[in-house]
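Notes to accompany the following structure.
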Amino acid sequence: MIKVVKFGGSSLASAEQFKKACAIINMEEARRFVVPSAPGKRDSSDTKVTDMLYQAYELAANDQPFNDALKAIKTRYDEIIYGLGLEISLDYEFKKIAENFKVKAGKDYAASRGEYLNGRIMAAYLNREFIDAAEVIRFDDDGLYDARVTEKLMRKRLEGLDGAVIPGFYGAFADGRVKTFSRGGSDITGSIVAGAIKAEVYENWTDVSGFMVADPRIIDNPETIDTITYKELRELAYMGASVLHEEAIFPVRKEGIPINIRNTNAPEDKGTWIVESTAQKPRFTITGIAGKKGFCSVNIEKELMNSEIGFGRKVLQAFEDYGISFEHVPSGIDTMTVFVHQDHFMDKEQKVVSAIHRLAEPDSIEIESDLALIAVVGRGMKSTRGTAGRIFSALAHSNVNVKMIDQGSSELNIIIGVQNQDFETAIKAIYDIFVMANL
Ligand code: ASP
């Protein structure tokens with residue numbers, strides 16, 4: 001059995017955290033391939049090494065002295081090396097980094113050194129082979145991740161190895177220039193390695209015991225989700241629930257490999273399983289609740305709209321013309337409402353309004369701002385009657401006025417629009433009725 005294990009920045013922020021991570025790795029022989037992040041924050045006031053590297057490179061790019069900034073980064077690593085009792089030195093590596101900064105090797109190169117160096121330390125501590133991600137993860141000339149070439153390179157390189165450490169977050173173009181994924185991208189690397197070697201499981205170790213049913217900033221100590229499908233996760237992530245990089249799903253999903261989110265600080269917790277499909281009944285009717293504030297609704301009215309062919313297209317054309325993507329479009333007989341992100345829409349609103357008038361000739365347009373959208377997601381909703389009824393009676397009891405309702409035809413989610421000020425109350429009411437009442 002092969003498991004790929006990825007450890008996030010907070011799991012590797014200090015020697016102490018490193019020891020926890022490596023104890024977890026050594027606990028199971030199957031945990032053969034390890035993908036580390038760069039050292040993250042040791043406490044809330046700390047700075048991630050990745051951010052320190054960006055800042056240091058910014059100095060170099062502007063021809064300002066950057067040696068002190070690099071020294072501070074080296075100290076972070078030296079503390080880890082010392083704490084682990086290792087004999088290695090990063091003097092040579094930092095000399096090379098300074099040289100490359102001088103010739104302006106690029107922001108991506110700079111940021112990638114965070115995981116590169118952490119990988120070096122981890123490989124030494126675990127006594128496993130180090131594989132530079134630049135060798136095995138490839139980007140094409142347009143800067144897009146090249147799955148076909150990467151899979152080939154990765155399989156060939158890892159073939160026959162008992163184990164290895166492959167740093168997260170970056171890869172390279174064919175000519176060797178380093179390129180990173182977007183922030184949080186070590187999750188993607190872990191998924192790519194797991195997919196390429198067809199691992200049984202991709203374990204993603206972080207500082208929480210999996211996905212929570214609701215945002216812990218709103219709900220005190222929310223329950224953890226045992227099992228979630230990729231589709232449910234997508235719905236929740238889109239609405240702001242984030243533990244895993246969005247692009248980390250595809251490489252493992254394609255191979256039918258489950259992801260297990262685990263907590264380095266509580267390894268006995270089972271965490272959350274992310275799977276394609278499952279016969280396991282969810283613990284509650286709903287799997288999760290997530291939401292975002294800051295939406296506007298554009299309400300368009302026109303008599304006999306329902307019989308006018310092409311009306312919807314013309315309205316949406318106005319949004320497209322100004323590069324605004326829409327979130328939801330609930331409609332009535334003679335009304336149609338378009339939900340958009342307030343901050344994308346604000347400075348173009350009058351232009352969009354006149355474009356709608358020009359293209360679709362409506363009777364009136366009304367804009368409402370400061371709205372929030374809440375997604376109630378769950379594969380269990382399909383086979384349960386009364387879910388929508390329960391949501392709305394809970395909201396009514398909490399004095400929340402519902403502005404919009406949208407149920408996807410998959411019956412996987414119900415989207416509710418409320419005023420920003422009712423957002424937290426609404427989430428609490430929904431959590432209480434489905435989770436608290438069923439504990
Ligand atoms: N170190 C990178 C970041 O801070 C990548 C990662 O941790 O996944 O974004």
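Start at 1 with the first residue, then count along the sequence. All values below were derived from every heavy atom in this structure, side-chain atoms included, with hydrogens, water molecules and symmetry-related copies excluded. Just so you know, ligand 1 is whichever comes first in the structure, and atom 1 is the first atom listed for that ligand.
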Between Tyr116 and Phe130, does the ring centroid distance fall short of 6.0 Å?
yes

So, do Tyr82 and Tyr77 have ring centers that fall under 6.0 Å from each other?
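Aromatic pair excluded; centres sit 6.0 Å or further apart.
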
Return a table of N or O atom pairs, ligand 1 on one side and protein on the other, at distances under 3.5 Å, rounded to 0.1 Å.
| from | atom 1 | to | atom 2 | distance (Å) |
| --- | --- | --- | --- | --- |
| ligand 1 | 1 (N) | Thr50 | OG1 | 2.7 |
| ligand 1 | 1 (N) | Glu115 | OE1 | 3.1 |
| ligand 1 | 1 (N) | Glu115 | OE2 | 3.4 |
| ligand 1 | 4 (O) | Thr50 | OG1 | 3.4 |
| ligand 1 | 4 (O) | Arg183 | NH2 | 2.9 |
| ligand 1 | 7 (O) | Ser37 | OG | 3.1 |
| ligand 1 | 8 (O) | Gly184 | O | 3.4 |
| ligand 1 | 8 (O) | Gly185 | N | 3.4 |
| ligand 1 | 8 (O) | Ser186 | N | 3.0 |
| ligand 1 | 8 (O) | Ser186 | OG | 3.1 |
| ligand 1 | 9 (O) | Arg183 | NE | 2.7 |
| ligand 1 | 9 (O) | Gly184 | N | 2.8 |

Could you go through Phe94 and Phe101, starting from their C-alpha distance and side-chain angles, then the distance that decides it, and tell me whether this counts as ring pair (Phe, Tyr, Trp, His ring centres under 6.0 Å)?
CA-CA 10 Å; Phe94 271 90; Phe101 270 37; 9.2 Å; no

Would you please name every residue forming a ring pair (Phe, Tyr, Trp, His ring centres under 6.0 Å) with Phe284, sequence neighbours left out?
none

Would you mind checking if Glu200 and Lys3 are paired as a salt bridge, meaning a charged N to carboxylate O distance below 4.0 Å?
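Judged by the 4.0 Å cut-off on N to carboxylate O distance, Lys3 and Glu200 do not form a salt bridge.
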
Is it true that the NZ or CZ of Lys107 lies under 6.0 Å from the centre of Tyr57's six-membered ring and within 45 degrees of the ring axis?
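Negative - Lys107 is either too far from the ring of Tyr57 or too far off its axis.
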
